[in-house]
Amino acid sequence: ENAIKTIAESRKLDTVRTQLSKQKRHHSEELADAAVVAELSRSFSPDAQSALIKFAQIAGAAKFSRSAKPSKMTQRQRRRRQEYLNAFDRCCRFIPCWILTTSQISDYLPAECLFDLVVIDESSQSGVTVLPGMMRGKQWLIVGDGKQVSPTEAFVSEENMENLRATLPDSPLEDALLPGRSFFDLCAQAFPRGRVVLHEHFRCAPEIINFSNELFYEGRLIPLRLPKKGDRFDPSIGDIKVTGGTKTGKVNEKEADKIVELVREMMTSPESSSKPRSIGIISLIGDEQSRLIRGRLLDVCGPENLARHDVLIGDPPQFQGAERDVVFLSMVCSRQNCPTQNQQFHFQRANVALSRARDRVVLVR
């Protein structure tokens with residue numbers, strides 16, 4: 001009896017410890033935010049603070065971009081747009097670090113070298129459209145993975161490809177500037193001695209990343225994540241065969257129904273009530289299957305449960321840079337109905353899909 005009481009008390013204390021750890025992490029984040037704001041406030045001159053306040057006041061009324069067409073604006077809108085851009089140009093130099101999308105860089109930042117360092121993340125998904133951002137930095141740091149999803153040339157005609165090639169200057173990098181090639185590939189060719197390859201892997205449980213490690217990275221990755229006892233699945237990789245599942249167009253309805261059933265079971269399990277795990281659902285062929293699953297999952301589980309489990313549904317490009325505790329993979333294709341063209345394209349998508357799960361990945365086929 002004493003042993004049972006001790007175990008029960010230990011479990012209660014473990015729950016309290018988990019709650020306190022979350023509170024500590026939350027307060028640490030708030031403290032870091034406050035410290036940054038306080039330090040910036042002390043370091044800003046009165047002119048800088050005045051410029052930032054003015055921009056905040058103007059931006060609160062309306063936002064404009066440099067690419068907006070003045071010809072479609074009224075005289076008053078043109079005047080306000082110019083006030084907005086002038087206020088932004090005056091204050092942007094006082095902020096030491098900016099985080100922007102590629103399109104926002106051209107819309108908001110002046111066309112001059114402003115920064116000591118420009119970092120391009122997920123560059124293997126980007127094309128040469130990131131070059132305007134690079135021109136604003138003295139040094140570059142290009143982060144990417146050539147074995148993950150790259151831009152596609154699927155919707156660019158060969159005629160347009162040849163027209164674009166004719167406008168490019170003669171260069172050994174000419175092919176790398178065309179659609180279908182990533183900025184990461186371009187920089188790998190342009191700066192072959194500037195590469196630093198990272199080998200440590202922190203996201204997935206070792207059993208999950210081992211498949212990609214052997215197939216795509218020649219066993220060079222070193223898995224360093226060891227899940228806590230309460231986070232582990234045994235096994236961490238699941239394979240479920242759906243009887244009678246067939247691909248019709250770009251969807252497989254029986255696969256979709258099976259995934260919805262598995263997700264519903266996971267959401268209604270006793271463990272889920274105390275510790276909801278985040279869930280990802282990836283369609284390996286097109287977005288049509290993910291839209292089908294999303295609609296059926298909303299009907300069965302409701303938006304509240306999807307939000308509670310931070311559910312993300314999409315194809316591999318939507319998951320690049322993302323992660324979830326548990327990921328369900330929908331193969332979509334069936335026997336005698338599988339894509340056979342562009343193997344590199346499908347290899348990249350498979351690599352992304354197979355490395356998004358932290359604790360468990362389930363293949364439904």
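Numbering of residues begins at 1 and proceeds along the displayed sequence. Worth knowing before you read on, the calculation uses all heavy atoms, side chains too, and leaves out hydrogens, waters and symmetry mates.
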Report yes or no: do [X] and [Y] form a side-chain donor-acceptor pair below 3.5 Å?
{"X": "His27", "Y": "Gln23", "answer": "no"}
{"X": "Ser290", "Y": "Asp287", "answer": "yes"}
{"X": "Glu174", "Y": "Ser171", "answer": "no"}
{"X": "His309", "Y": "Ser272", "answer": "yes"}
{"X": "Ser124", "Y": "Gln148", "answer": "no"}
{"X": "Thr248", "Y": "Glu253", "answer": "no"}

Measure from the side-chain N and O atoms of [X] to the backbone N and O of [Y], and report whether any donor-acceptor pair falls under 3.5 Å.
{"X": "Asp310", "Y": "Ser278", "value": "no"}
{"X": "Arg181", "Y": "Val128", "value": "no"}
{"X": "Gln318", "Y": "Asp315", "value": "yes"}
{"X": "Arg294", "Y": "Ile313", "value": "yes"}
{"X": "Ser123", "Y": "Ser126", "value": "no"}
{"X": "Asn213", "Y": "Arg220", "value": "yes"}

Only one of Asn210, Ile209, Asp359, Val361 passes side chain to side chain contact (heavy atoms under 4.5 Å, CB included) with Cys204; say which it is.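 Passing option: Ile209.
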Val311 and side chain to side chain contact (heavy atoms under 4.5 Å, CB included): which partner among Leu298, Leu306, Ile293?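 So, applying the side chain to side chain contact (heavy atoms under 4.5 Å, CB included) to Val311 and each of Leu298, Leu306, Ile293, only Leu306 qualifies.
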Could you pull out the closest heavy-atom pair between [X] and [Y], with the gap in Å?
{"X": "Pro192", "Y": "Arg195", "answer": "O-CG, 4.1 Å"}
{"X": "Gly146", "Y": "Phe184", "answer": "N-CE2, 3.4 Å"}
{"X": "Val149", "Y": "Pro317", "answer": "CG1-CG, 3.9 Å"}
{"X": "Arg90", "Y": "Asp47", "answer": "NH2-O, 3.7 Å"}

How many angstroms lie between [atom1] in [X] and [atom2] in [Y], if you round to the nearest 0.5 Å?
{"X": "Arg365", "Y": "Cys333", "atom1": "CZ", "atom2": "SG", "result": "10.0 Å"}
{"X": "Ile7", "Y": "Asp14", "atom1": "CD1", "atom2": "CG", "result": "13.0 Å"}
{"X": "Lys54", "Y": "Cys91", "atom1": "NZ", "atom2": "SG", "result": "10.5 Å"}
{"X": "Ser236", "Y": "Ile208", "atom1": "OG", "atom2": "CD1", "result": "4.5 Å"}

Just wondering, more than 12 heavy atoms not from [X] lying within 6.0 Å of its [atom1]?
{"X": "Gln139", "atom1": "CD", "result": "no"}
{"X": "Glu159", "atom1": "CD", "result": "no"}
{"X": "Ile4", "atom1": "CD1", "result": "no"}
{"X": "Leu117", "atom1": "CG", "result": "yes"}
{"X": "Glu265", "atom1": "CD", "result": "yes"}

What about Trp98 and Phe88, are their ring centers closer than 6.0 Å?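 Yes, ring centres under 6.0 Å apart.
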Assess whether a salt bridge exists between Glu158 and Arg165, defined as any Lys/Arg side-chain N lying under 4.0 Å from an Asp/Glu carboxylate O.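 Not counted as a salt bridge, because no side-chain N and carboxylate O are separated by less than 4.0 Å.
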Asp325: which of Arg360, Lys275, Arg358, Arg277 passes salt bridge (Lys or Arg N to Asp or Glu O under 4.0 Å):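 The residue from Arg360, Lys275, Arg358, Arg277 that satisfies salt bridge (Lys or Arg N to Asp or Glu O under 4.0 Å) with Asp325 turns out to be Arg358.
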I need the single residue from Gln82, Glu83, Gln77 that forms a side-chain hydrogen bond (donor to acceptor under 3.5 Å, both in side chains) with Arg79. Which is it?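 Only one of Gln82, Glu83, Gln77 forms a side-chain hydrogen bond (donor to acceptor under 3.5 Å, both in side chains) with Arg79, namely Glu83.
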Within a strict 4.5 Å, meaning less than it, do heavy atoms of the Lys250 and Val332 side chains meet?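 No - every pair of side-chain heavy atoms lies 4.5 Å or more apart.
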If the plane angle is over 60° it's perpendicular, under 30° parallel, otherwise tilted; pick one for Phe55 and Tyr84.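 The rings of Phe55 and Tyr84 sit tilted, inter-plane angle from 30° to 60°.
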